[in-house]
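The structure presented is a predicted model; accordingly, all values stated were derived computationally and were not measured. Chain A is the first sequence line, chain B the second, and so forth, proteins listed ahead of strands; every chain is numbered from 1.
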Amino acid sequence: MTIAPGIIKFFRTRLHSWHTGHNSRQLPWKGEKDPYRIWLSEIILQQTRALQGLPYYESFTGTYPTVQALAAAADEDVFRLWQGLGYYNRCKNMLATARYIATELGGHFPRTHEGILALKGVGPYTAAAISSFAYGLPHAVVDGNVYRVLSRFLGIDTPFDTTAGKHQFATAAQLLLDETDSAAHNQAIMDLGATICTPAAPRCADCPLHSKCFAAAKDMTALLPVRSKKIVVKERFFNYIFLLHDGKVWIEKRGAGDIWESLHQPYLAETEKAVDVSVLRQDVLFDNKSIRPHELTDAGMAKQRLTHQLIHCRFYIMHLTDMPMPNGTAGMWLSISELKKLAFPKILVSFLRNNLYF
DNA sequence: AATCCGGGGGG
DNA sequence: CCCCCAGGATT
């Protein structure tokens with residue numbers, strides 16, 4: 001693809017003028033030059049809005065000021081700090097990368113685009129962001145903001161969630177990149193997408209690109225960018241049973257191959273469809289030979305919507321007269337204070353806060 | 001190429 | 001409440 005030189009010049013100069021005004025968002029990672037802190041912020045901000053990621057960035061940089069500090073941390077502590085942010089594989093990969101840098105690279109962050117891109121949890125977007133922000137390397141970022149700005153400005157209607165679309169947007173972004181200051185250019189285009197060229201109701205009257213914007217001229221901002229994905233949402237039914245005995249609660253750690261990997265939960269009986277307490281008692285719980293029958297107390301229900309799943313949760317409490325090891329020994333009996341050191345999915349954090357964390 | 005992985009914000 | 005958002009890994 002090609003872009004007319006006049007359009008490229010217009011895009012760069014208008015974006016630059018807009019950004020050097022008072023228009024950039026003030027966030028703690030802006031202008032940061034420490035590659036560790038830049039990397040940390042970019043991992044946290046993947047699939048995450050700045051205001052949601054902000055408190056996590058503050059707590060991570062405060063608790064782990066250096067890559068060595070993060071590398072030396074215990075897994076559970078890091079997951080607990082990440083609790084609530086979602087996409088927990090980011091946390092797992094972040095920790096693996098910190099340890100790789102600390103042990104294999106002597107604590108020195110890679111200085112080349114190839115070296116950065118090879119890190120776990122770092123893909124094309126994050127590699128371009130770190131390369132430009134930390135080292136001024138000429139790599140254009142392509143994130144959700146860039147898809148929006150470029151599809152509207154250039155009139156690109158190729159779905160961005162396809163191989164062809166990703167390639168087309170990456171090519172366009174690279175052609176438009178102002179290599180004399182790739183850090184400022186990358187920051188500016190994302191700020192424009194976040195504050196002016198927004199998904200709904202873009203502020204075109206305040207946009208520095210308005211006079212040559214394809215979508216603005218054709219009144220097509222609501223139609224761009226184009227997505228092809230049609231998400232199928234699977235419904236699941238989680239019956240959580242808090243097994244209690246002598247001030248302790250049975251807690252398990254979720255394994256690989258499903259949502260919320262490495263996070264914790266009480267005893268879980270998943271069913272094909274919604275079941276009431278009598279069915280749960282007869283068909284599910286009594287099948288587990290290690291748990292003897294006791295009164296099951298209904299403790300309410302809640303729903304958690306994920307991108308591909310809708311989780312219907314029902315909570316129960318069961319006071320036991322002994323301490324069985326449900327599901328073999330893949331869990332542990334913990335005091336309430338010990339729960340506060342572990343990471344749980346948001347739906348369980350809410351329940352614990354309202355029911356067990358006095 | 002298609003699918004999965006959280007949780008927050010806006011209308 | 002429902003709809004939208006969107007990098008990277010995996011298969």
Using a cut-off of strictly less than 4.0 Å, decide whether Y87(A) has a side-chain nitrogen or oxygen near OP1 or OP2 of dC4(B). no
Structure string for DNA chain B in dot-bracket form, Watson-Crick and G-U at under 3.5 Å, | interchain: |||||.|||||
Compare side-chain N and O positions of T126(A) against OP1 and OP2 of dG8(C) and report whether any pair is under 4.0 Å apart. yes
Please measure how far the P atom in dA6(C) lies from the corresponding atom in dG11(B), and state the result in whole Å. 14 Å
Look at the side-chain N and O atoms of R148(A) and state whether any lies under 4.0 Å from the OP1 or OP2 oxygen of dA6(C). yes
Is F109(A) close to I38(A) at the side-chain level, that is, under 4.5 Å between some pair of heavy atoms? no
Where the side chain of Q47(A) is concerned, which of dC5(B), dG7(C), dC5(C) is the nearest nucleotide? dG7(C)
Looking at every strand, decide which applies to D143(A) at a 4.0 Å heavy-atom threshold: base, sugar-phosphate, or nothing. sugar-phosphate
Take K120(A) and P225(A), find for each the nucleotide of DNA chain C with the closest heavy atom, and name the residue whose nucleotide sits nearer the 5' end. P225(A)
Tell me whether the OP1 or OP2 atom of dG7(B) has a side-chain N or O from W260(A) closer than 4.0 Å. yes
Please give the distance between the P atoms of dG6(B) and dT11(C) as a whole number of Å. 15 Å
How are the rings of Y147(A) and F160(A) set to each other: parallel, tilted or perpendicular (split at 30° and 60°)? parallel
For D75(A), the option from R80(A), R99(A), K92(A) that meets salt bridge (charged side-chain N to carboxylate O under 4.0 Å, His left out): R99(A)
Nearest whole angstrom, please: distance from the P of dC5(B) to the CD of E261(A). 10 Å
Under 4.0 Å, heavy atoms only, any strand: does V232(A) hit a base, just the sugar-phosphate, or nothing? nothing
Whole angstroms only, please: what is the CD-C1' distance between Q46(A) and dC4(B)? 15 Å
